[in-house]
Amino acid sequence: MAETLWQRRHVLSLADFSREECELVLQTAASFREVLSRRTKKVPTLQGKVVANLFFEPSTRTRNSFELAAKRLSADILNFAPGTSALVKGETLLDTARTFLAMGADILVVRHQASGVPLTIARAMDAWGGTVSVLNAGDGRHQHPSQALLDLFTMCSHVQPDRPTVAAMVGQKVAIVGDILHSRVARSNLYSLRACGAEVHLAGPPTLLPAEFASFGVTVHHRLAPALTDANFVMALRLQAERMTAALLPSLEEYHREFGITRDRLRQCAPGVQILHPGPANRGVEVESTLLEDPQFSLVDKQVTAGVAVRMALLYLLGLAADRLP
Ligand code: CP
């Protein structure tokens, strides 16, 4: 099935991801989750392939889980740190990418603070010939595909623990709360959740949630209560101080008062509601601090764990494409 369904050399955005592709990633991740539960957590799938982690912006979860995923698949891994690279001597982004191409990298995992950088590198790779894949690990406020796919896997696994499928999301109300404007996580989740039949509600102050988001086929709220009512999942987003270009909030205290997820507010959600957060969290701002570790309500640790299996799935599918696509 994977051979016929997967036709992508690059994963840059979820905008055109079909329900079937989401399902394929989920099923592949589920099989790698099984591998990760064994005593020997390693398979030879990407033996001889080179995965290069090009992180131009800081990351804890994404960078390390891509590294672990590549190692579990037996790939060779190159980790690039901009501060100790030739970038500080003025090397251009594309010259850096070309250097990894010349070293024989097969998959470039790219994170950058500017939207569109992974696409620019992917176009250059295609123009230079060869079969190098580019995987967007988060670009500016544009997209974060692997995060949304691990979120999907986590939610589906909560509903269907043994054999998660995307059908688990049909009719589930998902409230995404907070700084939607600057969030690549929200933008990727909008596409995957809608493709899989979830009912998506966005909530945030008008300065962080422009009304245009309604054009994505979701419901936009500038108050928290209607978004939380009967929600099955609540995804709180980090306030992204590093991407705010103006004073968009009166204060963090007022934000927490209006949009913070608290135990009290969760009472209006559906029974069994679960909280997600892509991390890193501003504790006590987006979510009441102790909720983040509360096993009754929080899927946050499970999201991080799921990240390895989902990223193994993406690396595997791109490795498959390199051997097959013209
Ligand atoms: N969710 C996420 O992208 O976290 P990192 O910035 O730690 O990778």
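In what follows, every heavy atom counts, from backbone to side chain, and hydrogens, waters and symmetry copies are set aside. Computed from a predicted structure; not experimentally measured.
Among residue pairs with one or both ends in residues 198-225, those qualifying as ring pair (Phe, Tyr, Trp, His ring centres under 6.0 Å) are Tyr191-Phe216, His201-His221, Phe213-Phe216; sequence neighbours excluded. Pairs of residues two or more places apart, or lying in two chains, never qualify as ring pair (Phe, Tyr, Trp, His ring centres under 6.0 Å) while including a residue from residues 283-314.
Salt-bridge check for Glu253 with Arg257: failed, with every basic side-chain N at 4.0 Å or more from each acidic carboxylate O. Using a 4.0 Å cut-off between charged side-chain N and carboxylate O, Glu21 and Arg8 make a salt bridge. A salt bridge does not link Glu57 with Arg63: every distance from a Lys NZ or Arg NE/NH1/NH2 to an Asp or Glu carboxylate oxygen is 4.0 Å or more.
Between the side chain of Lys41 and the backbone N or O of Arg38 there is at least one donor-acceptor pair closer than 3.5 Å. Under a 3.5 Å cut-off, the side chain of Thr154 and the backbone N or O of Leu150 do form a donor-acceptor pair.
Looking only at atom types and distance, the side chain of Thr45 has no donor-acceptor partner in the side chain of Arg72 under 3.5 Å away. Under the 3.5 Å distance criterion, with hydrogens and angles disregarded, no donor-acceptor pair is assigned to the side chains of Ser133 and Arg9. Side chains of Ser13 and Arg187: no donor on one and acceptor on the other come within 3.5 Å. Between the side chains of Asn53 and Glu67, no donor-acceptor pair of N or O atoms lies under 3.5 Å. For the 3.5 Å distance criterion, the side chains of Gln143 and Asp139 fail to qualify, holding no donor opposite an acceptor. Glu293 and Ser298 share no side-chain donor-acceptor pair at under 3.5 Å. No donor-acceptor contact under 3.5 angstrom links the side chains of Asn136 and Arg184, judged on distance only.
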Working for side chain to side chain donor-acceptor pair (under 3.5 Å), residues His144 and Asn189: CA-CA 9 Å; His144 196 344; Asn189 265 287; over 6 Å; no

Check against salt bridge (charged side-chain N to carboxylate O under 4.0 Å, His left out), Arg223 and Glu258: CA-CA 8 Å; Arg223 286 190 316 114; Glu258 296 293 323; over 6 Å; no

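Evaluation of the salt bridge (Lys or Arg N to Asp or Glu O under 4.0 Å) rule for Asp95 yields no partner, not counting sequence neighbours.
Taking both residues in full, the closest heavy atoms of Lys173 and Ala227 are given as CE-O, 3.1 Å, listed atom of the first, atom of the second, then distance. In terms of heavy atoms, Ala114 sits closest to His112 at N-ND1, 3.0 Å.
At least one test fails for Arg111 against the ring of Phe55: distance under 6.0 Å to the centre or angle within 45° of the axis.
Paired with Pro164 under the rule side-chain contact (heavy atoms from CB on, under 4.5 Å), one option of Arg33, Met169, Gln27, Glu23 passes, and it is Arg33.
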